Chemist: 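Encoded as structure tokens, here's the structure I'll be asking about.
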There are 2 protein chains.
Amino acid sequence: MLIEVDFAGDIPIYTQVRDQIVIGIAAGLLLPDEPLPSVRRLAADIGINVHTVNKAYAQLRDEGYIRMDRRSGAEVAPPMEKSPSYLATLETKLYPIVAEAICHRAGAGDICDVVNRVFLALGDRGEDGNE
Amino acid sequence: MLIEVDFAGDIPIYTQVRDQIVIGIAAGLLLPDEPLPSVRRLAADIGINVHTVNKAYAQLRDEGYIRMDRRSGAEVAPPMEKSPSYLATLETKLYPIVAEAICHRAGAGDICDVVNRVFLALGDRGEDGNE
DNA sequence: CGCTTGTTCTATATCATGTATAACACATAT
DNA sequence: ATATGTGTTATACATGATATAGAACAAGCG
């Protein structure tokens with residue numbers, strides 16, 4: 001599970017780390033209860049500060065993606081429950097993106113094609129046949 | 001075309017203004033060549049600084065959504081060309097969102113359902129039958 | 001001239017981001 | 001006991017983004 005960071009981009013480093021770990025969990029590269037590298041270790045590997053990694057980990061913990069213990073370190077959390085309230089959050093995030101797509105003359109099919117492409121790219125090991 | 005801003009949220013004001021105008025264009029509430037309120041006018045209406053509105057307008061101009069003239073003011077730009085390069089940008093934006101959705105046990109169908117729902121909410125007047 | 005338009009400039013205040021260093025509480029291994 | 005490794009917290013500093021404020025400019029129009 002290699003994590004790379006773009007220092008030149010306008011996306012915060014801790015957000016990049018957080019996103020890549022979420023992607024790793026979604027893709028099945030990070031399995032439940034699997035230990036994550038310690039904050040100091042990952043910071044040294046990437047070449048960033050400990051607090052930056054800690055901020056990413058803390059956010060992941062608050063969002064329920066990982067579990068942190070002062071002694072045993074950080075671990076991937078068990079799979080989430082399927083909460084309908086998340087769909088409202090998803091809709092809020094998709095609203096400006098879909099509007100942009102419409103302005104670029106993309107149809108709903110075009111957007112869903114991209115969604116399915118990303119889904120397949122992540123889903124090689126991410127699905128376990130729940131539906 | 002009413003624009004409202006959430007001062008308490010963590011989304012920059014100029015981004016909120018920019019997003020709502022994009023949504024307005026996508027929904028057909030703002031038609032091509034339609035004049036936008038002046039930066040001073042909109043700033044006064046919303047209750048924010050002129051520079052904040054100017055930043056939103058400048059970004060919209062750089063992205064091709066609107067056209068600005070020093071004398072005639074700001075106007076909605078003509079419809080965009082359908083560029084394939086945008087789909088790559090869209091895919092980059094959707095990647096973390098789809099990963100999040102997978103972690104929340106949402107399937108590709110669930111995501112596309114939300115996309116279609118947003119598409120319909122915006123598309124009441126946004127489509128003109130291009131495909 | 002008077003008014004409006006976008007544009008640019010300076011200045012200030014606040015918050016986010018990232019780094020740096022250090023210490024703490026807790027657990028484990030030597 | 002000592003050493004090492006966890007996450008956690010605290011302080012400090014530098015930089016950039018965000019937002020505000022006031023002022024001025026060039027250009028068009030009645």
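It should be emphasised that the depicted structure is a prediction, and the values quoted were computed from it without experimental measurement. Heavy atoms only: backbone and side chains are in, while hydrogens, waters and symmetry mates are out. Chain naming here is simple, since letters A, B, ... match the order of the sequence lines and numbering starts at 1 in each.
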Chemist: Just the rounded figure in Å: distance from C1' of dT19(C) to CG of Asn54(A).
Modeler: 14 Å
Chemist: Without decimals, in angstroms, what is the distance between Arg61(B) CZ and dT5(C) C1'?
Modeler: 14 Å
Chemist: Tell me which of Phe7(A) and Tyr57(B) sits closer to the 5' end of DNA chain C, going by the nucleotide each one is nearest to.
Modeler: Tyr57(B)
Chemist: Take atom CE of Met68(A) and atom C1' of dA27(C), then tell me their distance rounded to the nearest Å.
Modeler: 16 Å
Chemist: Determine the contact category for Asp69(B): base if any of its heavy atoms lies under 4.0 Å from a base atom, sugar-phosphate if only primed atoms, P, OP1 or OP2 are that close, otherwise nothing.
Modeler: sugar-phosphate
Chemist: Would you check if Ile111(B) and Ile97(B) make a side-chain contact, meaning some heavy-atom pair closer than 4.5 Å?
Modeler: no
Chemist: Measure the CE-OH distance between Met80(A) and Tyr86(A) for me, rounded to the nearest 0.5 Å.
Modeler: 9.0 Å
Chemist: To the nearest Å, give me how far apart CZ (Arg40(A)) and C1' (dA20(C)) are.
Modeler: 14 Å
Chemist: Measure the distance from CZ on Arg67(B) to P on dT7(C) and round it to the nearest whole Å.
Modeler: 13 Å
Chemist: For dT18(D), does either OP1 or OP2 sit under 4.0 Å from a side-chain N or O belonging to Lys55(B)?
Modeler: yes
Chemist: Rounded to the nearest 0.5 Å, how far apart are CG of Asp33(A) and CG of Leu30(A)?
Modeler: 12.0 Å
Chemist: Starting at atom CD of Gln59(A), determine the distance to atom C1' of dT8(D), rounded to an integer number of angstrom.
Modeler: 17 Å
Chemist: If you find the nucleotide of DNA chain C closest to Arg70(A) and the one closest to Gly47(A), which residue's nucleotide is nearer the 5' end?
Modeler: Gly47(A)
Chemist: Count the heavy atoms of every other residue, nucleotide or ligand shown that sit under 6.0 Å from CZ of Arg61(B), and state whether that count exceeds 12.
Modeler: yes
Chemist: Think Tyr14(B) has a side-chain N or O under 4.0 angstrom from the OP1 or OP2 of dT18(D)?
Modeler: yes
Chemist: To the nearest Å, give me how far apart CD1 (Ile13(A)) and P (dT15(D)) are.
Modeler: 16 Å
Chemist: If you check every side-chain atom of Ile48(A), which of dT9(D), dG6(C), dT19(C) has the closest atom?
Modeler: dT19(C)
Chemist: Nearest of dT21(C), dT10(C), dT17(C) to any side-chain atom of His51(B)?
Modeler: dT10(C)
Chemist: Rounded to the nearest Å, what distance is computed from the CG atom of residue Asn49(B) to the P atom of nucleotide dA21(D)?
Modeler: 6 Å
Chemist: Of all the nucleotides listed (dG28(D), dT19(C), dT17(C)), which has the minimum atom distance to the side chain of Arg71(B)?
Modeler: dG28(D)
Chemist: For Ala74(A), answer base if it contacts any base atom (sugar-phosphate contacts may also be present), sugar-phosphate if it contacts only those atoms, and nothing otherwise; contact means non-hydrogen atoms under 4.0 Å.
Modeler: sugar-phosphate
Chemist: With heavy atoms under 4.0 Å as the rule, sort Ser72(A) into base, sugar-phosphate or nothing.
Modeler: nothing
Chemist: Output yes when at least one side-chain N/O atom of Ser38(B) is less than 4.0 Å from OP1 or OP2 of dT5(C), else no.
Modeler: yes
Chemist: Does Gln20(B) use its side chain to pair, donor to acceptor, with the backbone of Glu4(B) at less than 3.5 Å?
Modeler: yes
